[in-house]
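Step one of this worksheet: look at the structure below.
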2 protein chains.
Amino acid sequence: MTIMDRLVTASEALFDRHGFTATGMDKLTKGTGISSRTLYKHAGSKNALIARVLGERDKRFARRLEVESIDALFKALEDWVRVEGRRGCLFLRALGETGGDTPEINEAVLAHKARVAERIAVLVERDNGREDPMLVEQIIVLFEGATAAAVYRGEQAVVAARQSAAILMAGARS
Amino acid sequence: MTIMDRLVTASEALFDRHGFTATGMDKLTKGTGISSRTLYKHAGSKNALIARVLGERDKRFARRLEVESIDALFKALEDWVRVEGRRGCLFLRALGETGGDTPEINEAVLAHKARVAERIAVLVERDNGREDPMLVEQIIVLFEGATAAAVYRGEQAVVAARQSAAILMAGARS
DNA sequence: TTCAAAGTAAAACGATCATTTTACATCGTC
DNA sequence: GACGATGTAAAATGATCGTTTTACTTTGAA
């Protein structure tokens, strides 16, 4: 395991648990076991570290979404929530904490959201045999809503999203 | 306009725009035009101010949701988003920034979410003539998803949520 | 075995954090 | 016209912020 892997993995957990701004460099050095000198040599700055954490999380999340149907997509989200916790979308949280004033973070967030939206578009077309931008938008909302509502409603929010998606997909098919 | 009104109104805008942790007391005193001495005399602490801001926002939001149908509820959300902006749910953002470690903030957030969920439950029953917990859960997810997705998809996310809700409501009616 | 690379530990940087305090101005009211 | 209440301005508190630097250790290859 490289220094960068340790750094990103442990930092992600800290950011997710305590928030980005509230997680200071001292908590990062203690939590990762990496000195601030080394941390800055590798990451450059705290914002760059955040952007990198988001980038790696995006990859990990995308791997989970390598499925063959919209229904499987929501099952995958159920799994994700079960093993990774329900603290809401870390990307939107980063955006909210920074007010959109940090370009490197903005880029990471928008790239992630674009990737998920594209994945949904592909699966909608695969399931129903044709493009359907309105339906894609609806599935995006359900996906985002499941993630956010799970914070206070629990896993049942994801189940409800999956059921809703099935109904909307079937309705668009006929 | 009382000191407290000025304080809460201006603070809410600052928190919403820049985030809670990133908005320091100096920005609050300058942004509200209220000295730190008076601020502390009225609010007690920054966390108490945050809780109060959330409480007032909850009231304002609830007033907007005084409608007669699920469809009107999503129309109301469209209006809210148009005039108040699309920076995501300020309550969930507060929760995320504090990691759930601030009891007064937790309470304000959970009270708000419980209130909205109850409103949705009432409207679902009014529209369809019977209780339907699963459908309520689905509408909650759509409502939350519209708020979150609007951050990067724009108002069309709310429109998509409204369309989805109409389909789910109609499907449950038959 | 020596040298450069890469790490830690810890101090220092100036800025900013939330909060309290000191000193002073502006009130409406008795 | 004196008084308590209520506000501002500004300094002080000690802690913590992100970042850099200094001094020292470890390590792997020439």
Side-chain angles (χ1 to χ4, degrees), chain A residues 1-55 93-106 108, chain B residues 1-55 93-106 108:
Chain A
M1 216 194 198
T2 71
I3 285 266
M4 200 66 219
D5 288 342
R6 261 207 299 156
L7 180 54
V8 166
T9 303
S11 299
E12 181 182 355
L14 290 170
F15 289 143
D16 187 40
R17 172 63 184 81
H18 301 288
F20 294 92
T21 315
T23 303
M25 293 308 294
D26 63 327
K27 281 173 194 162
L28 285 173
T29 55
K30 273 162 191 160
T32 61
I34 291 168
S35 68
S36 82
R37 196 184 206 282
T38 304
L39 194 156
Y40 272 90
K41 186 151 290 187
H42 283 80
S45 71
K46 188 188 175 186
N47 281 335
L49 174 61
I50 292 175
R52 194 180 279 264
V53 163
L54 293 178
R93 288 171 59 197
L95 206 62
E97 285 205 35
T98 55
D101 296 329
T102 314
E104 26 194 349
I105 293 177
N106 293 0
Chain B
M1 215 196 199
T2 71
I3 285 266
M4 198 68 219
D5 288 341
R6 261 208 296 156
L7 180 54
V8 167
T9 304
S11 300
E12 181 183 353
L14 291 170
F15 289 143
D16 187 39
R17 171 63 182 83
H18 301 288
F20 294 92
T21 315
T23 302
M25 293 309 293
D26 63 327
K27 281 174 194 162
L28 285 173
T29 57
K30 273 163 192 160
T32 61
I34 292 167
S35 68
S36 80
R37 197 185 203 279
T38 305
L39 194 156
Y40 273 90
K41 186 152 291 186
H42 285 79
S45 70
K46 188 187 175 186
N47 280 336
L49 173 62
I50 293 176
R52 194 180 279 264
V53 162
L54 293 179
R93 287 171 59 196
L95 206 61
E97 285 206 33
T98 56
D101 296 329
T102 314
E104 26 193 353
I105 293 177
N106 293 359

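Below, chains carry the letters A, B, ... as their sequence lines are ordered, and counting in each starts from 1. All figures in this text were calculated on a predicted structure; none of them were measured in a lab.
With rounding to the nearest 0.5 angstrom, the CG atom of B/Asn106 is 6.0 Å from the OG1 atom of B/Thr98. Considering CG of A/Leu28 and CG of A/Leu7, their distance stands at 7.5 Å, rounded to 0.5 Å. Here A/Leu39 contributes atom CG and A/Lys46 contributes atom NZ; the two are 11.0 Å apart, rounded to the nearest 0.5 Å. Taken from CG in B/Leu49 to CG in B/Leu54, the straight-line distance is 9.5 Å, to the nearest 0.5 Å. To the nearest 0.5 Å, atoms CD (B/Glu97) and OG1 (B/Thr21) are separated by 4.0 Å.
Residue A/Arg37 places a side-chain atom within donor-acceptor reach of the base of D/dT22, judged by atom type and a 3.5 Å distance cut-off alone.
The CG-P distance, from A/Leu28 to D/dT19, rounds to 11 Å in whole Å. Atom NZ in A/Lys41 sits about 12 Å away from atom C1' in C/dT8, given to the nearest Å. The interatomic distance linking B/Ile34 (CD1) with D/dA9 (P) rounds to 11 Å, in whole Å. What separates CE of B/Met1 from P of D/dG7 is a distance of 15 Å, to the nearest Å. Between B/Leu49 atom CG and C/dC17 atom C1' the separation is 15 Å, expressed in whole Å. The distance between atom CE of B/Met4 and atom P of D/dG7, rounded to the nearest whole Å, is 12 Å. Note: CZ (B/Arg6) to P (D/dG7) measures 9 Å, nearest angstrom. Summarising the geometry, the separation between CE on A/Met25 and P on D/dT20 is reported as 10 Å, rounded to the nearest angstrom.
If A/Tyr40 and B/Gly33 are placed on DNA chain D by their nearest nucleotide, the residue sitting closer to the 5' end is B/Gly33.
Here the nucleotide nearest the side chain of A/Ser45, chosen from D/dT19, D/dC17, D/dT20, is D/dT19. Side-chain atoms of B/Lys46 lie closest to C/dA18 of the nucleotides C/dA18, D/dG18, C/dT20. Of the candidates C/dT8, C/dC17, D/dT21, the closest approach to any side-chain atom of A/Ser35 belongs to C/dT8. Counting only heavy atoms from C-beta on, A/Ile3 has its side chain closest to C/dG7 among C/dA18, D/dG18, C/dG7.
For D/dT8, one of the phosphate oxygens OP1 or OP2 lies less than 4.0 angstrom from a side-chain nitrogen or oxygen of B/Thr38. Contact between the side-chain N/O atoms of B/His42 and the OP1/OP2 oxygens of D/dG7 is found at a separation under 4.0 Å.
No contact: B/Thr29 has no heavy atom under 4.0 Å from any strand.
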